[in-house]
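Read the structure below first, then the notes.
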Amino acid sequence: MNTSLIYKSNLKIIVSLVLSLPLWLVALISELEILGQIAATVSIIINGYLLRKKLKSISIDFDVLSLGAMSLILIQNIAWLISGYVHVFQLKRSSEYFLSKILTGISFQEYALAIIYINVFCIVLACFSLYPKYLRIHRSLNQRLLGLLNYPLNKLRFFLIGFFIVQIVLIATGIIGKRTINVEGYDQGKIPFWLPIFQSIIPLYQIIWIVYFRKLKSFRFWDYFQASLYIAPTLFIAFSGGRSSFVFTLFFLVFWWIFFGGKIRLYHLVLGAISIPIISFVLVFNEFLRNYNSDLPMGSLVSKAYTEYVSSSSKRDKFQEKSIRNIATRPLVAGPLAAVLSYPEGLKSFTYGENIQNSLVWALPMTIFGEKKSFPIREDLLYAHFRIGSKDLADSLYLSSYTEFGYFGVLFYPLLLFSLVLFTLNLLISLRSHPFIIAMSLGIFFDLFVFRLGEGALLGWFTALRSILFFIVIGKIIQIQSRVSI
């Protein structure tokens, strides 16, 4: 598939995003919740169909901007449908009843306006995916990434074993804990130097694991046992990070399986269907674990909590009910945007780039700039300008785009993301980076655009970009040293 065909494919995505708007506009004007359900269903059908077509040629057609735009609008609409289903059929309440409990209280009309804003945000982001230079660079990087399938199996195994040991050590020593890192000063915002490096290698590790698994030609039990063993600590770490982290990791693995030529066959779907009750049990247990108070290392903590969980039916019922209530409101991550959009016009105080500036400061290593507390970010900055609450909320780039520049933010923030991606991808091509560095970079961008675009602060993006640049530079230095030694 040449870039002209990819251009046409991305153009269809933009059209599908535009077609998702009218019904939501009708729902907004009519204030009818049922029309919101219909609008979400139609949007899922249209965009889901195009996503399915895109996945068929994803090895060449993959680009993070269009995929991110499509994923964001799909996630928002699916979240609305899931929440509505749980409200009506499980809790016997309307969605608006629970919207009124979020932050300062949100009406359906205000939430519909937030969905429309996000839809326009996605359209603008997808438009940047039509830039010819971006498409050429991304296509070239995709081809180089596919070259990993020709990489020696022993070298892939060596990398997997090395990072497998690192993960096991971090879990066994209790450094990786329940939704936290157990090192001195972490709770006060001091990030250990190795953590961003470790977090950057995880997407690379998962991609290399997929390549390794795809290259296994034999059906020997030992080979598949080894492959399963290598991914176990990564899934455990994802599980310790929470339900969304665990689910996103599963989707990440499925995507890269398809990218590297893996087929989703009937028996995969059967296994997936069989796994649904298991995954459901795991997710509810994760909610129980989240509220389990213990200072034990993560491995011992899970073992003890699991024993207690399975032995008490009353606790299982309690947390199943709590999990249902959480599912009813947790997916509604556009709530904060709805709150700021409906904030009284005379009281709105936009930050005009302060979030970008302060996030850049926080992305600098502590050794370079240690006095960061005078540069507020996230909720501290938001609540200073929009008094919509006083607790943690679902931060996102579309939220920041509005709190920074009002409705003009729907143009500026996608432009910022496009610029960061184009700069990084161009650097990877210009410096002829190693396929491992390319895999890490595209893996990180995939995670950011598909999973974190709807729920992730700008600081996370700048920190990820810092890590990518670090590895690009290190990789280039190693290449130069290798040539000199020869």
Side-chain angles (χ1 to χ4, degrees), residues 64 68 72 118 121 125 179-181 183 185-203 241-242 244-245 248 333-337 340 350-386 388-405 409 412-421 423-424 440-441 443-472:
V64 291
L72 177 57
I118 294 169
F121 185 97
L125 185 63
R179 295 175 178 259
T180 189
I181 302 296
V183 294
Y186 185 78
D187 292 339
Q188 287 75 45
K190 295 181 180 179
I191 308 298
F193 75 93
W194 57 266
L195 183 58
I197 296 173
F198 174 79
Q199 292 172 334
S200 300
I201 295 176
I202 284 181
S244 60
S245 173
F248 286 164
V333 292
L337 175 62
V340 298
F350 300 111
T351 54
Y352 297 114
E354 187 178 354
N355 183 51
I356 297 173
Q357 170 195 291
N358 294 0
S359 296
L360 280 170
V361 169
W362 276 84
L364 295 173
M366 292 289 291
T367 53
I368 297 177
F369 194 94
E371 298 298 323
K372 300 180 180 181
K373 290 186 178 180
S374 56
F375 295 86
I377 56 173
R378 295 176 175 169
E379 290 87 352
D380 292 337
L381 180 61
L382 174 65
Y383 293 151
H385 292 264
F386 293 85
I388 60 172
S390 59
K391 57 183 180 180
D392 291 345
L393 51 74
D395 204 350
S396 63
L397 294 196
Y398 52 76
L399 172 63
S400 297
S401 72
Y402 182 79
T403 58
E404 290 263 74
F405 305 108
F412 184 81
Y413 258 65
L415 175 60
L416 173 64
L417 296 181
F418 166 70
S419 301
L420 293 175
V421 170
F423 168 76
T424 307
M440 175 188 295
S441 303
I444 291 173
F445 276 136
F446 175 85
D447 180 69
L448 289 173
F449 276 94
V450 175
F451 302 141
R452 314 297 172 190
L453 194 58
E455 192 176 359
L458 186 60
L459 173 60
W461 290 69
F462 285 154
T463 303
L465 182 62
R466 181 190 70 187
S467 299
I468 291 173
L469 294 178
F470 170 80
F471 279 104
I472 289 175

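We use all heavy atoms of the structure for the numbers below, so side chains are in, but hydrogens, waters and symmetry mates are not.
Formation of a donor-acceptor pair under 3.5 Å by the Glu455 side chain with backbone atoms of Val333 is not found in this model. In this structure, the side chain of Glu404 does not engage the main chain of Gly409 through any donor-acceptor pair within 3.5 Å.
Under the ring pair (Phe, Tyr, Trp, His ring centres under 6.0 Å) criterion, Phe471 pairs with no residue, sequence neighbours left out. In this structure, the side-chain contact (heavy atoms from CB on, under 4.5 Å) partners of Val340, at least two apart in sequence or on a different chain, are Leu337, Leu382, Phe386, Ile388, Leu399, Tyr402, Thr403. For Phe449, the ring pair (Phe, Tyr, Trp, His ring centres under 6.0 Å) test picks out Trp461, with sequence neighbours left out. Annotation: side-chain contact (heavy atoms from CB on, under 4.5 Å) contacts of Leu420 (sequence neighbours excluded): Leu416, Phe462, Leu465. Legend: residues meeting ring pair (Phe, Tyr, Trp, His ring centres under 6.0 Å) with Phe412, ordered by chain and number and at least two apart, are Phe405. Residues satisfying the side-chain hydrogen bond (donor to acceptor under 3.5 Å, both in side chains) test with Thr463, not counting sequence neighbours, are none. Judged as a side-chain hydrogen bond (donor to acceptor under 3.5 Å, both in side chains), and not counting sequence neighbours, the contacts of Ser200 are Ser467. With sequence neighbours excluded, the residues that form a side-chain contact (heavy atoms from CB on, under 4.5 Å) with Asp447 are Phe451, Arg452. With sequence neighbours excluded, the residues satisfying side-chain contact (heavy atoms from CB on, under 4.5 Å) with Pro203 are Phe252, Ile444. In terms of the salt bridge (charged side-chain N to carboxylate O under 4.0 Å, His left out) criterion, Arg378 has no residue partners (sequence neighbours excluded).
Within the model, atoms CE of Met440 and CD1 of Ile468 stand 8.5 Å from one another, a figure rounded to the nearest 0.5 Å. Summarising the geometry, atom CG belonging to Leu459 is positioned 8.5 Å from atom CZ belonging to Arg466; distances are rounded to the nearest 0.5 Å. Separating the CD1 atom in Ile118 from the CZ atom in Phe121 is a distance of 9.0 Å, to the nearest 0.5 Å.
Partner Tyr398 forms a side chain to side chain contact (heavy atoms under 4.5 Å, CB included) with one of Leu125, Leu72, Leu453 and no other, that one being Leu72.
Leu397 approaches Tyr413 most closely through the heavy-atom pair O-CD2, 3.7 Å.
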